[in-house]
K.L.:
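First the structure, which I've put down as structure tokens, then a few questions once you've had a look.
Counting from 1, the numbers follow the sequence of the chain as shown. Owing to the predicted nature of the structure, the values given are computational and were not obtained by experimental measurement.
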Amino acid sequence: MAACIDTPRTDTSQLSRNPNRSQSDDHAYNYAKLCRPPHVSCTPFSRNHTKTINKPAVVDDFDQQNSLWLKMKEEARFDVEQEPILSSYYFTSILCHKSLERALANLLSIKLSNSSLPSTTLFDLFAGVLEESPEIIRAVEEDLRAVKERDPACMSYVHSFLNFKGFLACQAHRVAHKLWSQGRQILALLIQNRASEVFAVDIHPGAKIGQGILFDHATGVIVGETAVIGNNVSILHNVTLGGTGKACGDRHPKIGNGVLIGAGTCILGNIKIGDGAKIGAGSVVLHEVPPRTTAVGNPARLIGGKANPIKLDKIPSFTMDHTSHISEWSDYVI
């Protein structure tokens, strides 16, 4: 377990006041002493302890301006209340950090490090990029909200932050893309490679991605160098945004705002997927898809036909509805 970078190491050997308390109780007491504000009781956690953690009466200026980060810390404290065994993990991952930027830098550095690429080196790199890029942090916050609102399996912001590899892969890409745009291509490609190995998500650092992105499950997602993904897009697993050959230049798809792309889909070539469009699972898309339409099949065709396609009246990436306008089995057949 990595030590918390924002908190000096403290001798807690004298914190245990009861000589009969178990070692696990000591650990929980130490956590409470270090993590809770001074106005909150430091009662040791126990398996039978069910009292809800009180919301702090006073928060610092940073937390007042960053309600999502404050909410995440509250969720983390509640989780530790329910599962004291996770106190050290939650402390080093969230509660000891002064900002979302540093918590994310710490988590990514641990995830992407290996024996020859230490987490301390990656932390310095990630923290430097994130703290100097408020636009990235705004996108991170919108991504967290997207996961929480659109994925019914997501229990909390903390849950998605710590456990959803699609979210983490997307944030690793944001750092890599920033480095790529600064001409630091070697570092950017290194991050891409490590993220691909760790998360099974391969996004070229040259690709441009908006905010409010949900990579649901995410395994097998591939995004090419000149691909562009708009805002509020939802993409499921095994999706490829690729080229059609070895031609150079602008050769990858352009995904509009509010698009939903189903699992196992391939979208190939420098083609436009219009705002609010929906691509059915398993489709192979080789031609432009107009806004607010649905394309399905291999090769993909428009529901309702090319001349008069059925128009969607809701944003599909928000509804996450993969089966609208499909009433019978025969409707799947192209």
K.L.:
Please confirm whether the backbone N or O of Tyr89 pairs with a side-chain atom of Thr92, one donor and one acceptor, at under 3.5 Å?
P.N.:
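Confirmed, Thr92 side chain pairs with Tyr89 backbone.
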K.L.:
Does any pair with a residue in residues 174-194 pass ring pair (Phe, Tyr, Trp, His ring centres under 6.0 Å), and if so which ones, sequence neighbours excluded?
P.N.:
His173-His177, Trp180-His204
K.L.:
Do any N or O atoms from the side chain of Ser109 and from the backbone of Thr121 form a donor-acceptor pair under 3.5 angstrom?
P.N.:
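No, because the side chain of Ser109 does not come within donor-acceptor range (under 3.5 Å) of the backbone of Thr121.
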K.L.:
If I take atom NE2 from residue His237 and atom CZ from residue Phe215, how far apart are they, to the nearest 0.5 angstrom?
P.N.:
14.0 Å
K.L.:
Show me the pairs that pass salt bridge (Lys or Arg N to Asp or Glu O under 4.0 Å) and involve residues 200-227, at least two apart or across chains.
P.N.:
Glu225-Arg251
K.L.:
Working to the nearest 0.5 Å, report the span between CD1 of Ile279 and SG of Cys266.
P.N.:
12.0 Å
K.L.:
Measuring from Gln171:CD to Asp143:CG, what's the distance to the nearest 0.5 Å?
P.N.:
4.5 Å
K.L.:
Examine distances only and state if a side-chain atom of Gln192 and a backbone atom of Ala176 form a donor-acceptor pair shorter than 3.5 Å.
P.N.:
no
K.L.:
Could Arg138 and Glu135 be called an ion pair, given the rule that one side-chain N must be under 4.0 Å from one carboxylate O?
P.N.:
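Salt bridge between Arg138 and Glu135, a charged N being under 4.0 Å from a carboxylate O: no.
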K.L.:
Measure the shortest side-chain to side-chain distance between Phe126 and Glu101 over non-hydrogen atoms and say whether it is less than 4.5 angstrom.
P.N.:
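Counting from C-beta outward, Phe126 and Glu101 never come under 4.5 Å.
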K.L.:
For Gly258, is there any backbone N or O sitting under 3.5 Å from a side-chain donor or acceptor partner on Asn232?
P.N.:
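Not at all, since once roles are kept as given, no pair shorter than 3.5 Å links the two residues.
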K.L.:
To the nearest 0.5 Å, what is the distance between CG (Leu168) and CG (Leu104)?
P.N.:
7.5 Å
K.L.:
Checking side-chain contact (heavy atoms from CB on, under 4.5 Å) against Leu241, which of Val285, Ile273, Ile229, Ile203 comes through?
P.N.:
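Filter result, single survivor: Ile229.
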K.L.:
Could you check whether any side-chain N or O of Arg194 sits under 3.5 Å from a backbone N or O of Ser113, counting only pairs where one atom can act as donor and the other as acceptor?
P.N.:
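Such a contact is found between Arg194 side chain and Ser113 backbone.
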K.L.:
Passes side chain to side chain contact (heavy atoms under 4.5 Å, CB included), Leu68 versus Glu142? Steps please.
P.N.:
CA-CA 10 Å; Leu68 181 61; Glu142 290 305 310; over 6 Å; no
K.L.:
Side chains of Thr219 and Lys165: any donor to acceptor distance under 3.5 Å?
P.N.:
yes
K.L.:
Are the side chain of Asp275 and the backbone of Pro291 linked by a donor-acceptor contact shorter than 3.5 Å?
P.N.:
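Side chain of Asp275 to backbone of Pro291: no pair is present.
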K.L.:
Could you go through the side chain to side chain contact (heavy atoms under 4.5 Å, CB included) check for Phe161 and Leu100 one step at a time?
P.N.:
CA-CA 10 Å; Phe161 181 82; Leu100 176 60; 3.8 Å; yes
K.L.:
Report yes or no: does Ser283 contribute a side-chain atom to a donor-acceptor pair with the main-chain N or O of Gly297 at less than 3.5 Å?
P.N.:
yes
K.L.:
Between Val147 and Met155, is there shared hydrophobic-cluster membership here, with clusters defined by ILVMFWY side-chain heavy atoms closer than 4.5 Å?
P.N.:
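Different clusters.
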K.L.:
Checking the side chain of Arg150 only, and the main-chain atoms of Phe318 only, is there a donor and an acceptor separated by less than 3.5 Å?
P.N.:
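No, Arg150 side chain to Phe318 backbone: no donor-acceptor pair under 3.5 Å.
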K.L.:
To the nearest 0.5 Å, what is the distance between OG1 on Thr120 and CD1 on Ile110?
P.N.:
11.0 Å
K.L.:
Can you find a heavy atom in the side chain of Ile235 that is under 4.5 Å from one in the side chain of Val223?
P.N.:
no
K.L.:
Take His97 and Leu107, measure what side chain to side chain contact (heavy atoms under 4.5 Å, CB included) needs, and give me the verdict at the end.
P.N.:
CA-CA 11 Å; His97 296 285; Leu107 185 59; over 6 Å; no
K.L.:
Side chains of Val175 and Leu130, heavy atoms from C-beta outward: is any pair under 4.5 Å?
P.N.:
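The answer is yes, as the side chains (C-beta and beyond) meet within the 4.5 Å cut-off.
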K.L.:
State the CD1-CD1 distance between Ile191 and Ile186, to the nearest 0.5 angstrom.
P.N.:
12.5 Å
K.L.:
Checking Lys278 side chain against Asp321 main chain: does a donor-acceptor pair fall under 3.5 Å?
P.N.:
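Yes, Lys278 side chain to Asp321 backbone: donor-acceptor pair under 3.5 Å.
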